[in-house]
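Written below as structure tokens is the structure these notes are about.
When a ligand or atom number is given, it counts from 1 through the structure's own listing order. Given the structure is predicted, the values throughout are model-derived calculations rather than measurements. By convention here, the first residue in the shown sequence is residue 1.
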Amino acid sequence: MHVLILGADGYLGWPTAMYFSQKGWNVTAVDNYFRRNACTELDVGMLYPLPSLQERAQLWYELTGHEIKVIIGDIAEPEICRSLFTGTRPYNWAKDTSFTGLPEVIVHYAEQPSAPYSLLNYHYADVTVTNNLRVTNNLMFAVRDLCPTAHLVKLGTMGEYGTPNIDIEEGWIDIEHKGRKDTFLFPRQASSLYHTTKIMDTDLLWFGTRTWNLRVTDLMQGPVYGIDTYESEQNERLRTLFNYDEIFGTVINRFITQAIAGYPLTVYGKGGQQRGYINIKDTLQCVYKAAENPPDAGRLKIYNQIMETYSVNELAELTQKAARKAGYKVTINHIDNPRKEAEDHYYNPQHQGLLDLGVLPHYLTEESMLEMIRTVEKFRKNIRKDVIFRGIKW
Ligand SMILES: NC(=O)c1ccc[n+]([C@@H]2O[C@H](COP(=O)([O-])OP(=O)(O)OC[C@H]3O[C@@H](n4cnc5c(N)ncnc54)[C@H](O)[C@@H]3O)[C@@H](O)[C@H]2O)c1
């Protein structure tokens, strides 16, 4: 089986590439280094230096004998996107041996993934909207025209649903209206521009699925935490990127780093914001199980990719407890919420689908936090306090 992983240099993309590779799949890893370049441009340091995608693929090959083909290119360019399915690389000056035939599965991670980035100002809003929607649209047409039986596994986000005052279903809801019934996409109301692009992605793919009989799985994922995966434990240079800044860091990764740096945990407002969370190891399982279980042609399958829910206050308290065990004195600071979001709300998302496919969850515990603390503290001297909170408002 051949899988194309789009966005393979990223936080989730590289661990996913190794995961499929160790399962015996042929893996083609595609990225344009958008994320690295954005971190450099905005001067938000990663916790440790990251080898290039090619260097990591080479190291993986030396350690395991499994080859991961690497293609560096911008999938927002239609011709580059289509070349992934034809092997005719536009603008290419070097001999290209990366094409290994059509994929059975395409994992689509290749987007600008940060809410604060999307709301920095009109320029970054434009980058987010154009990049994310062009990538998804190009991919949809490339699959329709060049690889129509492939299974497209797309990363969406739980943020598409927002925080409605009713239970959140897995993607679809049955509605009875004036005595008639139908099934619709669950209502979505994002609280950032980035999340709004993910809603639009879902709409694009639902259009493509019902119009051209594509096979799509859209995974509504919650914020991911963690660093190491079983594959990266072989060599620390295989470790995925780690951001702890306000723009690209996800909340648990940020809190752990703040605890180690002696920076009070930045709880926005009342801290009653609830979300669904997932360990990076479970992201890999979920994407893999989803890939193994394609929907019928013409069906858009949606799973809620979370394992448990927490409020920000609960996360801060858990971080405090775990860090205390490791000898850190941690304080919690409620600061004015720079975001426009409910700070106290009902939240009950359903998330049984991926468990039914056989995913075995790794839950967030003091022990799993301590494990992360042990890794992050090795790089303590690299932590830059100035990137932790700059107060990006919307
Ligand atoms: N990390 C999370 O907590 C989380 C939660 C929910 C959903 N997601 C979604 O999962 C996906 C992956 O997230 P991540 O945290 O790994 O983000 P990431 O930024 O680390 O990874 C995305 C990768 O895509 C690449 N990319 C972006 N635009 C591209 C383009 N035009 N052409 C080629 N490559 C491009 C980037 O360079 C980056 O390496 C995203 O779609 C994100 O919206 C992530």
Looking at atom 39 (O) of ligand 1, what's its closest protein heavy atom, distance included? Asp31 OD2, 2.6 Å

Val135 heavy atoms, cut-off 4.0 Å: which ligand 1 atoms fall inside? 31 (N)

Considering only heavy atoms of Gly73, which atoms of ligand 1 have at least one such atom less than 4.0 Å away? 32 (N), 33 (C)

Of the protein's non-hydrogen atoms, which lies at the shortest distance from atom 10 (O) of ligand 1, and what is that distance? Leu155 CB, 3.6 Å

Against heavy atoms of Asp74, which atoms of ligand 1 measure under 4.0 Å? 30 (C), 31 (N), 32 (N)

Distance to 0.1 Å, residue and atom name: give those for the protein heavy atom nearest to atom 21 (O) of ligand 1. Gly10 CA, 3.5 Å

Of the non-hydrogen atoms in Ile392 and Glu246, which two are nearest, and what is the gap between them? N-OE2, 2.7 Å

Indicate yes or no for a side-chain donor-acceptor contact from Thr128 to the backbone of Tyr194 under 3.5 Å, with no hydrogens or angles considered. no

Name the orientation class of the two ring planes belonging to Phe186 and Tyr161 (parallel below 30°, tilted from 30 to 60°, perpendicular beyond 60°). perpendicular

So does Asp174 pair up with Lys181, basic N to acidic O under 4.0 Å? no

With a cut-off of 4.0 Å, which atoms of ligand 1 are near a heavy atom of Asp9? 39 (O)

Any non-hydrogen atom of Ala38 lying under 4.0 Å from ligand 1? no

Atom 28 (N) of ligand 1: which protein heavy atom is closest, and how many Å away? Asn131 ND2, 3.1 Å

Is Ile280 reachable from Ile256 through a run of hydrophobic residues whose side-chain heavy atoms are each under 4.5 Å from the next? no

Can you spot which of Lys198, Arg134, Arg35 makes a salt bridge (Lys or Arg N to Asp or Glu O under 4.0 Å) with Glu111? Lys198

Atoms of ligand 1 under 4.0 Å from any heavy atom of Pro113, numbered from 1 in the order shown, are 17 (O), 18 (P), 19 (O), 42 (C), 43 (O)

Checking a contact table here: which protein heavy atom is nearest atom 18 (P) of ligand 1, and how many Å away? Arg35 NH1, 3.2 Å

Tyr303 six-ring face occupied by Lys301 cation (under 6.0 Å, within 45°): yes

For Trp206, is the NZ or CZ atom of Arg210 found under 6.0 angstrom from the centre of its six-membered ring and inside 45 degrees of the ring axis? yes

Quick test: of every protein heavy atom, which one is nearest to atom 16 (O) of ligand 1, and how far off is it to 0.1 Å? Leu12 N, 2.9 Å

Those atoms of ligand 1 less than 4.0 Å from some heavy atom in Lys198: 40 (C), 41 (O), 42 (C), 43 (O)

Shortest protein heavy-atom distance from atom 2 (C) of ligand 1, along with the residue and atom involved: Val224 CG2, 3.5 Å

For this output row, return yes or no: ring centroids of Tyr288 and Tyr19 closer than 6.0 angstrom. yes

Please verify the inter-ring angle class for Tyr117 with Phe248; under 30° counts as parallel, over 60° as perpendicular, anything in between as tilted. tilted

Examine the proximity of ligand 1 to Val30 and report which part, side chain or backbone, both or neither, has a heavy atom under 4.0 Å away. neither

Closer than 4.0 Å to some heavy atom of Thr250 - which atoms of ligand 1 meet that? 3 (O)

Describe, in one word, how the ring planes of Phe379 and Tyr48 are oriented to each other, choosing from parallel (under 30°), tilted (30 to 60°) and perpendicular (over 60°). tilted

So, is His108 polar-close to ligand 1, with some N/O to N/O distance under 3.5 Å? no

Does ligand 1 have any atom that is closer than 4.0 Å to a heavy atom of Gly222? yes

Select the closest option to atom 40 (C) of ligand 1 among Tyr109, Phe34, Tyr33, Tyr225, judged by heavy-atom distance. Tyr109

When you measure from the centre of the six-membered ring of Tyr33, is the NZ or CZ of Arg36 under 6.0 Å away and within 45° of the axis? yes

Considering the heavy atoms of Pro223, write down every atom of ligand 1 situated less than 4.0 Å from one of them. 3 (O)

Verify, without hydrogens or angle tests, whether Asn313 (side chain) and Lys270 (backbone) share a donor-acceptor contact under 3.5 angstrom. yes

What residue and atom, counting heavy atoms only, is the protein's closest point to atom 29 (C) of ligand 1, and at what distance? Asn32 OD1, 3.4 Å

